[in-house]
2 protein chains.
Amino acid sequence: MSRPPLARERVLDAFQAILIDDGERTATLAATAEAAGVSKGGLLYHFASRDDLVTGMLERLEALAQEDLTLMASAEEGEVAYFIRTSVMEGDDLDRALIAAARLAQAGFPTAAEMLRQVREAWAAALRPHVRDETALNLLMLVSDGLYYNNALGRVDAETGGLAGPVPTGDDMTALIELVRRATV
Amino acid sequence: MSRPPLARERVLDAFQAILIDDGERTATLAATAEAAGVSKGGLLYHFASRDDLVTGMLERLEALAQEDLTLMASAEEGEVAYFIRTSVMEGDDLDRALIAAARLAQAGFPTAAEMLRQVREAWAAALRPHVRDETALNLLMLVSDGLYYNNALGRVDAETGGLAGPVPTGDDMTALIELVRRATV
DNA sequence: GTCTATATAGCGATAGAC
DNA sequence: GTCTATCGCTATATAGAC
């Protein structure tokens, strides 16, 4: 649990950024190394293979998701409100890790798909006691999935650094959250 | 508008199938050619480049989406019910074209992401007059997106040929549809 | 319209110096 | 711990026979 080498984290950040901005095909070892400011050999000292790089990224996602579950459990506004609110993508570390993992999953990495399922299931389990029934839970999870999916297809907005997609913002989002809350809690 | 060569369609089918089953990276020209029963050279007679293959696939998606809009407009059960019901993935031609396009979009093909946005917008426009307000439309679209997203991450089920994911089925799905309908229409 | 053969380029990974 | 150099493989695409 001691802090990992700085270069290692920078490589992981770079890999994730390229995955999000340009897709799995562009996230080569050379491109990742250059973006991280190390050589290909330097990268391969920290991650013995490309699969190893993927594993490192997924482990970081798992840790971030765990943190989020803790925050959700102690949220003053209640678990459900917290979950809906944070399903709106704001470009934080967890959002970025989820989008990057989705790219890998769709590129054919089964471990990424598995991790995403696992994280989703953990969220569902945490929310289950706080919604009226299983149907409401399904609705809640699917709306959240839909928000992530649309953002995953959107481009990164150069202005805000956030992800721009055909997803409601501002007052529209507030109204949506209220509608979902009424239908599920 | 006369019917296209048979080999061309077979190549498109093969490309789509590999995209869905194994991801974008595995859908190489060689693998596609073999699955279609032609040589690499034969494939490249019909599609001058890999990008051309992608374009051909997206054009087919556009045509299938257009057909679906026509069916939706004349559905006896009403547009909204038709839309929710057919958001459940059953492995038909449109479903497969959408999943394959999603794979390409996440692999970094901007034209695929663009086409998906366009198709989604066409659906939204067709549904808008039949839901109570814009918030309801957002909810409806996001649930549909969520269903597709989960299925896109799931594996193809060897038994049914359908796509298996963490998505409600049977009675659970009927209940979900009813809940969404009540919240939107 | 379909084939084989080949050119060219880029990727992941290894070896070994520093 | 980080580098350069290089190997081996595979991918896209071209050329030209049939």
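- By the side-chain contact (heavy atoms from CB on, under 4.5 Å) test, Asp93(B) pairs with Leu64(B), sequence neighbours left out.
- Applying the salt bridge (charged side-chain N to carboxylate O under 4.0 Å, His left out) test to residues at least two apart or on different chains, the pairs with a partner in residues 71-88 of chain B are Glu77(B)-Arg85(B).
- In this view, Gln118(A) and Glu62(A) satisfy the side chain to side chain donor-acceptor pair (under 3.5 Å) rule, not counting sequence neighbours.
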- Task: Mark up nucleotides 9-15 of chain C, 5' to 3', with B wherever a protein heavy atom is under 4.0 angstrom from a base atom, S wherever such an atom reaches only the sugar-phosphate, and - elsewhere.
- Result: --SBBB-
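- Note on residues 125-135 of chain B: pairs passing salt bridge (charged side-chain N to carboxylate O under 4.0 Å, His left out), not counting sequence neighbours, are Arg128(B)-Glu134(B).
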- Message: Dot-bracket, 5' to 3', for DNA chain C please: Watson-Crick or G-U pairs under 3.5 Å, [ ] where pairs cross earlier ones, | where the partner sits on another strand, dots elsewhere.
- Response: ||||||||||||||||||
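- Every residue meeting the side chain to side chain donor-acceptor pair (under 3.5 Å) condition with Glu178(A), not counting sequence neighbours, appears here in chain and number order: Arg181(A).
- With sequence neighbours excluded, the residues that form a side-chain contact (heavy atoms from CB on, under 4.5 Å) with Ala35(A) are Ala14(A), Ile18(A).
- Scanning for side chain to side chain donor-acceptor pair (under 3.5 Å) contacts around Arg50(B) gives Glu24(B), with sequence neighbours left out.
- The side chain to side chain donor-acceptor pair (under 3.5 Å) check on Asp68(A) picks up Tyr82(A), Trp123(A), with sequence neighbours excluded.
- Residue pairs that meet the side chain to side chain donor-acceptor pair (under 3.5 Å) test with at least one member in residues 34-46 of chain A, sequence neighbours left out, do not exist here.
- Bracketed by its first and final contacts, the part of DNA chain D lying under 4.0 Å from non-hydrogen atoms of chain B reaches from dA11(D) to dT14(D) in 5' to 3' order.
- A donor-acceptor contact shorter than 3.5 Å links the side chain of Arg10(B) to the backbone of Ala36(B).
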